[in-house]
Peer 1: 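Below is the structure I would like to discuss, written out as structure tokens.
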Amino acid sequence: MNHWLLKSEPSVFSIDTFDTSPRKTTGWEGVRNYQARNMLRDEMKQGDLAFFYHSSCPEPGIAGIVEIVRTGYPDASAWDPHSEYYDPKSPENKPLWYTVDVKLVRRMKHFIPLASLREHASGALDGLLLLRKGNRLSITPMEPMHWQFILTLE
DNA sequence: GCCAACGTTGGC
DNA sequence: GCCAACGTTGGC
């Protein structure tokens, strides 16, 4: 099983938004970055777990855990002219962008602020992509070691 | 709002 | 293929 970290802006989709989603599941639409696309399409497996991270907000950090419940399939929003994720460069019969379905497993017992993660940046969380300067990927793979350690922080 | 870092675009 | 310009991300 793989471990991931998914970023989301709470003003767009927060951990609470899952409560209003059928079966607490949502399509992870709108990723328009090739590196992230490749992970969505090729690497995420059913049953994989991911930390759900709030970004670009007053208190960034890890809010919960989600599970990949459907593996990569074409992101239809790229073909929808009314969608904010519409991409005219995506051919109708050849999908350019992909998405997966994620389901909320649970909230963290305690929200884990980015600042708390940083305290271990040169220790147990050394190498965590999220903490690397300049990292902007909305999807990053995580080492099981880092996953386990973060669970001890909650 | 500022700024660093990175990705994408497009001219050549 | 190079590289400057531009756009986006995201913490602060």
Side-chain angles (χ1 to χ4, degrees), chain A residues 2-21 26-44 48-68 71-102 104-105 107-143 145-147 149-154:
Chain A
N2 304 311
H3 295 92
W4 307 91
L5 186 140
L6 297 183
K7 291 185 195 171
S8 183
E9 298 184 27
S11 59
V12 178
F13 194 105
S14 88
I15 191 124
D16 294 329
T17 317
F18 281 104
D19 293 334
T20 61
S21 312
T26 188
W28 205 247
E29 292 185 340
V31 173
R32 297 292 178 267
N33 169 284
Y34 288 102
Q35 227 180 317
R37 188 278 310 271
N38 293 346
M39 291 188 268
L40 287 169
R41 187 189 58 190
D42 307 328
E43 293 177 42
M44 287 183 149
D48 283 0
L49 295 177
F51 283 130
F52 187 85
Y53 177 89
H54 283 172
S55 68
S56 294
C57 56
E59 198 179 22
I62 294 174
I65 295 176
V66 297
E67 177 184 352
I68 311 304
T71 52
Y73 62 99
D75 181 349
S77 68
W79 296 320
D80 176 4
H82 302 296
S83 169
E84 58 177 317
Y85 303 126
Y86 177 61
D87 182 0
K89 294 193 308 299
S90 178
E92 299 238 346
N93 50 358
K94 225 180 103 207
L96 183 60
W97 302 115
Y98 282 75
T99 185
V100 298
D101 285 355
V102 299
L104 179 66
V105 174
R107 288 172 170 73
M108 304 314 282
K109 295 188 196 96
H110 303 284
F111 181 84
I112 305 177
L114 175 61
S116 301
L117 299 172
R118 278 204 201 289
E119 289 172 16
H120 306 278
S122 48
L125 295 180
D126 183 36
L128 183 67
L129 287 174
L130 175 75
L131 298 178
R132 209 172 62 181
K133 199 174 181 182
N135 167 61
R136 300 182 312 165
L137 265 188
S138 59
I139 301 171
T140 48
M142 281 189 55
E143 293 171 32
M145 264 181 55
H146 291 156
W147 176 276
F149 179 79
I150 290 172
L151 286 179
T152 70
L153 293 178
E154 67 172 332

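Lettering of chains follows the sequences in order, A, B, ..., and the numbering in each one begins at 1.
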Peer 1: In a table with atom names and distances, give each donor-acceptor pair under 3.5 Å that connects a side chain of residues 11-20 of chain A to protein atoms at least two apart or in another chain.
Peer 2:
unit_1	atom_1	unit_2	atom_2	d
A:Ser14	OG	A:Asp16	N	3.0
A:Asp16	OD1	A:Arg107	NH2	2.8
A:Thr17	OG1	A:Ser14	N	2.8
A:Thr17	OG1	A:Ser14	O	3.1
A:Asp19	OD1	A:Lys24	NZ	3.0
A:Asp19	OD2	A:Arg107	NH2	2.9
A:Thr20	OG1	A:Thr17	O	2.8

Peer 1: Under 3.5 Å, side-chain donor or acceptor atoms of residues 111-136 of chain A against the rest of the protein: list the pairs with distances, not counting sequence neighbours.
Peer 2:
unit_1	atom_1	unit_2	atom_2	d
A:Asn135	OD1	A:Leu137	N	3.4
A:Asn135	ND2	A:Leu129	O	3.4

Peer 1: For A:Arg132, report the nucleic acid contact type (base, sugar-phosphate, nothing); a contact means any heavy atom under 4.0 Å.
Peer 2: nothing
Peer 1: Residues in side-chain contact (heavy atoms from CB on, under 4.5 Å) with A:Lys109, at least two apart?
Peer 2: A:Arg106, A:Glu154
Peer 1: Could you pull out all residues at least two apart from A:Arg41 that satisfy side-chain contact (heavy atoms from CB on, under 4.5 Å)?
Peer 2: A:Arg37, A:Asn38, A:Tyr98
Peer 1: Kindly write out the residues that satisfy side-chain contact (heavy atoms from CB on, under 4.5 Å) with A:Ser56, not counting sequence neighbours, or none if the list is empty.
Peer 2: A:Glu9
Peer 1: Using a heavy-atom cut-off of under 4.0 Å over every strand shown, decide if A:Ser55 touches base, sugar-phosphate, or nothing.
Peer 2: sugar-phosphate
Peer 1: Walking along DNA chain C from 5' to 3', note the first and the last nucleotide with an atom under 4.0 Å from a heavy atom of chain A, and give both.
Peer 2: C:dG7 to C:dC12
